[in-house]
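Values below: all heavy atoms of this structure, side chains included; hydrogens, waters and symmetry mates excluded. Positions are given from 1, in the same order as the sequence printed here. Ligands are counted one by one from 1 in listed order, and the atoms in each one are counted from 1 as well.
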Amino acid sequence: MNRNISEKIEQTNLTESSLRRAFVNESLQNIPLFFYEETDSTNTRAKIYAGSDTWRVKREDTVFISKSQTGGRGRLGRSFLSDGRGLYMSYLFCPKESLSSAIQYTARAAVIAAEAVEELSGTVVRLKWVNDLYAGGKKLAGILTEGRTDKDGRLEYMIIGIGVNVLASSFPEELSDTATDIETVSGNRISIPCLAAKIAAGFEKRLSDPSLISEYKARSFLIGEHVTVLNHGESYPATVLEIANDASLIVKTEGGSIERLSSAEISIRKRAKKN
Ligand code: BTN
């Protein structure tokens, strides 16, 4: 194969060498990086590593990336399709803030990832509270934040797992109405290693930046929507009023009470068509 062509393919596809090169280009040569051809779940790998003596001594920010996952996990015990056409990455770090700020880390991570996708593909990315990236009205990526507290309630570590659908995919029937990928919405086949490195660099620089909340609000498309809230097994209709500075979602229920949600599943209710 012509050398230029083979180099281009390597830059687009995910190999350990292309990934390490992309990390060097983002000045991330010193960040510990674990790469897998296939693993169960990069969040699980990160969790196991966080319990090791190696991590406990240094508590260094560490990245885990796999070409595919056999047990990719999403929120609410759902699975996350990880067939090798996307980016599956987990970022392990030691947060300075308390457990209650977990939602803010998720929101900041969503903004950082949205910016990276936009910069590389040119497609406009919007956010669905709290952990989903959308483009063209469909879900492009999701974030699963997990953590562990010590006996005094302090966060020992936090893991931000992000899955991004990158290359054009034919999704299984149950996802085909709701999921999309970067290539389909933008027409551009972007480099998975470059996307990984850009997001990791953003996490390194800006994950503790509270000012990202204003960008989160600007990208959010739930404000004013009539939604169904699924919270602790209970489901009820509400209207979204705003996103607060601590990234919680403020809704008004049909009974008129105002609620501040820090974790819940939100789905937009379709309005009845007028004749
Ligand atoms: C969601 O959409 O509910 C969140 C999806 C998070 C998927 C990512 S892929 C990398 C990391 N490893 C996992 O098992 N899950 C996260």
Side-chain angles (χ1 to χ4, degrees), residues 14 19 33-50 61-93 102-103 105-114 116-117 125-135 137-148 157-167 169 171-172 174-182 192-193 195-200 202-203 207 220-222 229-231 247 249 261-268:
L14 184 54
L19 187 60
L33 169 63
F34 290 85
F35 174 78
Y36 311 89
E37 286 290 330
E38 180 177 275
T39 190
D40 46 1
S41 150
T42 52
N43 265 34
T44 303
R45 292 298 105 206
K47 206 178 277 186
I48 291 169
Y49 185 67
D61 301 347
T62 305
V63 176
F64 303 79
I65 293 177
S66 187
K67 233 175 140 164
S68 64
Q69 299 182 116
T70 53
R73 295 186 280 114
R75 286 175 76 229
L76 306 172
R78 297 193 187 116
S79 60
F80 187 83
L81 179 72
S82 312
D83 60 359
R85 307 191 65 75
L87 168 65
Y88 318 111
M89 172 165 100
S90 299
Y91 179 81
L92 166 67
F93 68 109
I103 184 178
Y105 282 111
T106 306
R108 291 172 201 153
V111 169
I112 291 164
V117 171
V125 178
R126 311 218 43 210
L127 300 174
K128 175 171 171 283
W129 188 86
V130 58
N131 66 322
D132 289 337
L133 278 68
Y134 270 65
K138 292 185 176 183
K139 178 167 166 172
L140 190 75
I143 293 173
L144 175 67
T145 305
E146 298 182 300
R148 186 185 143 111
Y157 65 77
M158 197 169 263
I159 296 162
I160 295 186
I162 175 154
V164 187
N165 304 324
V166 178
L167 305 177
S169 300
F171 291 98
E174 67 276 14
L175 292 179
S176 59
D177 283 348
T178 52
T180 193
D181 55 74
I182 296 175
I192 296 176
L195 178 64
K198 219 168 247 317
I199 295 175
F203 285 177
L207 211 44
S220 176
F221 63 84
L222 283 185
V229 177
L230 179 63
N231 197 9
L249 190 75
L261 305 171
S262 55
S263 71
E265 179 73 358
I266 305 294
S267 53
I268 295 180

J.: In terms of side-chain heavy atoms, does Thr44 have a donor or acceptor partner in Arg73 at a distance below 3.5 Å?
T.: yes
J.: Under 3.5 Å between any N/O of Ser41 and any N/O of ligand 1: does that happen in this structure?
T.: yes
J.: Any side-chain heavy-atom pair from Thr39 and Phe64 closer than 4.5 angstrom?
T.: no
J.: Establish, yes or no, whether a centroid distance under 6.0 Å links the rings of Phe93 and Phe203.
T.: no
J.: Which ligand 1 atoms does Met89 reach within 4.0 Å, using its non-hydrogen atoms?
T.: 10 (C)
J.: With no hydrogens and no angle check, is any side-chain donor or acceptor of Ser68 less than 3.5 Å from a backbone partner on Gly84?
T.: no
J.: Need the ligand 1 atom indices (1-based, order shown) with element for anything under 4.0 Å from a heavy-atom of Gly74.
T.: 1 (C), 3 (O), 4 (C), 5 (C)
J.: Considering heavy atoms of the protein only, find what lies nearest to atom 10 (C) of ligand 1 and give residue, atom and distance to 0.1 Å.
T.: Thr42 OG1, 3.2 Å
J.: Show me which atoms of ligand 1 lie under 4.0 Å from any heavy atom of Asn131.
T.: 1 (C), 3 (O)
J.: What atoms of ligand 1 come closer than 4.0 angstrom to any heavy atom of Ser90?
T.: 11 (C)
J.: Who's closest to atom 2 (O) of ligand 1 heavy-atom-wise, of Lys139, Arg78, Arg75, Glu265?
T.: Lys139
J.: Test of understanding: with side chain to side chain contact (heavy atoms under 4.5 Å, CB included), list the residues that count as partners of Ala197, not counting sequence neighbours.
T.: Ala22, Phe23, Glu26
J.: Starting from atom 5 (C) of ligand 1, which protein heavy atom do you reach first, and at what distance in Å?
T.: Phe80 CD1, 3.5 Å
J.: Should you measure from each heavy atom of Ile143, which atoms of ligand 1 turn up under 4.0 Å away?
T.: 4 (C)
J.: In terms of relative ring orientation, are Phe80 and Tyr88 parallel, tilted or perpendicular, with 30° and 60° separating the classes?
T.: perpendicular
J.: At a 4.0 Å threshold, what atoms of ligand 1 neighbour a non-hydrogen atom of Gly72?
T.: 14 (O)
J.: In the protein, which heavy atom is nearest to atom 7 (C) of ligand 1, and how far is it?
T.: Arg73 O, 3.4 Å
J.: Hey, is Asp40 close enough to Arg45 for a salt bridge, meaning N to O under 4.0 Å?
T.: yes
J.: Hey, are the side chains of Leu127 and Asp132 touching, using non-hydrogen atoms and a 4.5 Å cut-off?
T.: no
J.: Where is the nearest protein heavy atom to atom 9 (S) of ligand 1: which residue, which atom, and how far?
T.: Gln69 NE2, 3.4 Å
